[in-house]
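Within every chain, numbering begins at 1; the chains are lettered A, B, ... in the order of the sequence lines, protein sequences first and strands thereafter.
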Number of protein chains: 2
Amino acid sequence: MRDSTSHAVVGVALRVRDTRLEVQVERAPLRRGEPLEAALGRALDVAALAHVEQLETLVLPDGALATAYLGLAHSGEALPGEWRRVEEVTEHAGLVAAAQARLRAKLSYTNIGFALAPATFTISELREVYVAALGHDVSATNLQRVLLRRGVLEPAEGHRAPGRTGGRPAALFRFVSNRLEVTDEFAALRPPHRP
Amino acid sequence: MRDSTSHAVVGVALRVRDTRLEVQVERAPLRRGEPLEAALGRALDVAALAHVEQLETLVLPDGALATAYLGLAHSGEALPGEWRRVEEVTEHAGLVAAAQARLRAKLSYTNIGFALAPATFTISELREVYVAALGHDVSATNLQRVLLRRGVLEPAEGHRAPGRTGGRPAALFRFVSNRLEVTDEFAALRPPHRP
DNA sequence: TCAAAAGTGTTTCGAATACACCCATGT
DNA sequence: ACATGGGTGTATTCGAAACACTTTTGA
């Protein structure tokens, strides 16, 4: 049985490391009169996260009421805390699954990739991020075209030098915006084109 | 400044009445140790709602922490409480907007219409529900085709007799399922068709 | 016979995918 | 040369939207 002070915040942070999705789950109690974000700040290093959004509020197995947040970190940045591969996490497994599901869905219709990718990247590197987050293969060709057409990506200066094995140097890209934006209105049931 | 007992639940119920979207907003305090749904049950007549889902948890203007829920009611059913047109509501305007946005989005990629429509209906009647909820015009022809192709609707027995002005009798339909289901996976970035 | 409402047939459109081919580099 | 990874050009697919036309009724 929980008492009246047992509201908590659970932060679920995700990032892509190598070709794997990694997660960090931390909990902090909510203090009297404090905003939720303050407690989240004690659970996760929010300043190091590129994007934060609320997931849901639920009763935890121990009976505490908790509000869960999803945080996303750029790949390739050093971040304190214990990161584990998503498959290995057993604590708060439902929340981790919810975080993954939210990320997967938003990768398809928003620019949320900005929060996982580094500042500039090649299409191949971005493809690895998407593969890790989505859990299925992604075509680099189509990824580039979809994100360019939607105006989500733009070319950046410079090229990535090829590796020892050769190959054409890869052009660099960046995300146009670093704030969450819906880039693909749902295809069905849109307003008529011509009024 | 809120104290430790000030967690509340705000229920935002929506329904379509005539060709208008109507809303009912009620608040109830959360009692110690009680699940959120229990408090929601005191705010709204949950048994009369066809669908309920959580919206978000936020700090209200009065400083109280509150978890908001969206409820949907079948059109054409008598429901107690004060219903007002969505445009007229000033209290909890942000939550009402969030509820509308959630409904609009889910109308496009789920079968959530089942919660607004009566048990059986004509395509024209369903169209009015969609128009009221989406806030823009909807073609009856396309609505029928999209929902039939997705397997969301199925024919029901009988026809609706024409009005005084004549016209072909309208066939009746029903929703195949009365539980929320995602019927349209996002078009982009799906797994490859042929592995 | 005509107007009104419902429903079907067919065409158009656009975004995404698939696939063939060309480009630039290291060995 | 040729292997390798990067990138573009083009064709195909498919769901949705648009629009023309047929069906069925009341007046």
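- In terms of polar N and O atoms assigned as donor or acceptor, the side chain of B:Arg168 never comes within less than 3.5 Å of the base of C:dT8 in a complementary pairing.
- Within the nucleic acid shown, B:Ala171 comes within 4.0 Å of sugar-phosphate atoms alone, with no base atom in reach, counting heavy atoms only.
- The distance between atom CG of A:Leu148 and atom P of D:dG7, rounded to the nearest whole Å, is 11 Å.
- No N or O donor and acceptor, one from the side chain of B:Arg160 and one from the base of D:dT24, sit under 3.5 Å apart.
- Formation of a donor-acceptor pair under 3.5 Å by the B:Asn111 side chain with backbone atoms of B:Val182 is not found in this model.
- Of the residues near DNA chain C, A:Gly167 and B:Gly167, the one whose nearest nucleotide (by heavy atom distance) lies more toward the 5' end is B:Gly167.
- Distances shown here put every side-chain N or O of B:Ser124 at or beyond 4.0 Å from the OP1 or OP2 atom of C:dA5.
- Residue B:Thr141 has its side chain nearest to C:dT8 when only D:dA27, C:dT8, C:dC19 are considered.
- Linking ILVMFWY residues whenever their side-chain heavy atoms come closer than 4.5 Å, directly or via other members, leaves B:Val129 and B:Leu172 in distinct clusters.
- Atom CG in B:Leu143 sits about 18 Å away from atom P in D:dC19, given to the nearest Å.
- Between the CG atom of A:Leu153 and the C1' atom of D:dG7 there is a distance of 15 Å, rounded to whole Å.
- Rounded to a whole Å, the NE2 atom of A:His136 is 9 Å from the P atom of C:dT17.
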Q) Would A:Arg85 and A:Glu22 count as a salt bridge (charged side-chain N to carboxylate O under 4.0 Å, His left out) if you check the C-alpha gap in whole Å, the side-chain angles of each, and the deciding distance to 0.1 Å? A) CA-CA 4 Å; A:Arg85 296 215 289 234; A:Glu22 294 183 340; over 6 Å; no
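- Atom-to-atom, CG of B:Leu126 to P of C:dA6 comes out at 13 Å; the value is rounded to the nearest Å.
- Note on A:Gln144: a side-chain N or O is less than 4.0 Å away from OP1 or OP2 of D:dT8.
- Here D:dC14 presents its C1' atom at 12 Å from CG of B:Asp184, a figure rounded to the nearest Å.
- The distance between atom CG of B:Asn142 and atom P of C:dG7, rounded to the nearest whole Å, is 14 Å.
- Checking D:dT25, D:dA27, D:dA17 against the side-chain heavy atoms of B:Pro162 singles out D:dT25 as nearest.
- The main-chain N or O of B:Thr141 is never found under 3.5 Å from a side-chain atom of B:Gln144 such that the two would form a donor-acceptor pair.
- Atom CG of A:Asp137 is separated from atom P of C:dA18 by 10 Å (rounded to the nearest Å).
- A centroid separation of 6.0 Å or more is found between the aromatic rings of B:Phe114 and B:Phe121.
- An OP1 or OP2 oxygen of C:dA16 is reached within less than 4.0 angstrom by a side-chain nitrogen or oxygen of A:Arg150.
- OP1 and OP2 of D:dG6 both lie 4.0 Å or more from every side-chain N or O belonging to A:Arg127.
- Distance from the side chain of A:Thr165 is smallest for D:dT4 among the nucleotides D:dG7, C:dT17, D:dT4.
- In this model, the phosphate group of D:dA16 is approached by a side-chain N or O of B:Arg149 to a distance below 4.0 Å at OP1 or OP2.
- Counting only heavy atoms from C-beta on, A:Arg145 has its side chain closest to C:dC19 among C:dT10, C:dA4, C:dC19.
- The side chain of B:Pro169 has D:dT25 as its nearest neighbour among C:dG7, C:dT25, D:dT25.
- At a cut-off of 3.5 Å, with distance as the only test, a side-chain donor of A:Thr67 or A:Thr57 sits close to an acceptor on the other residue.
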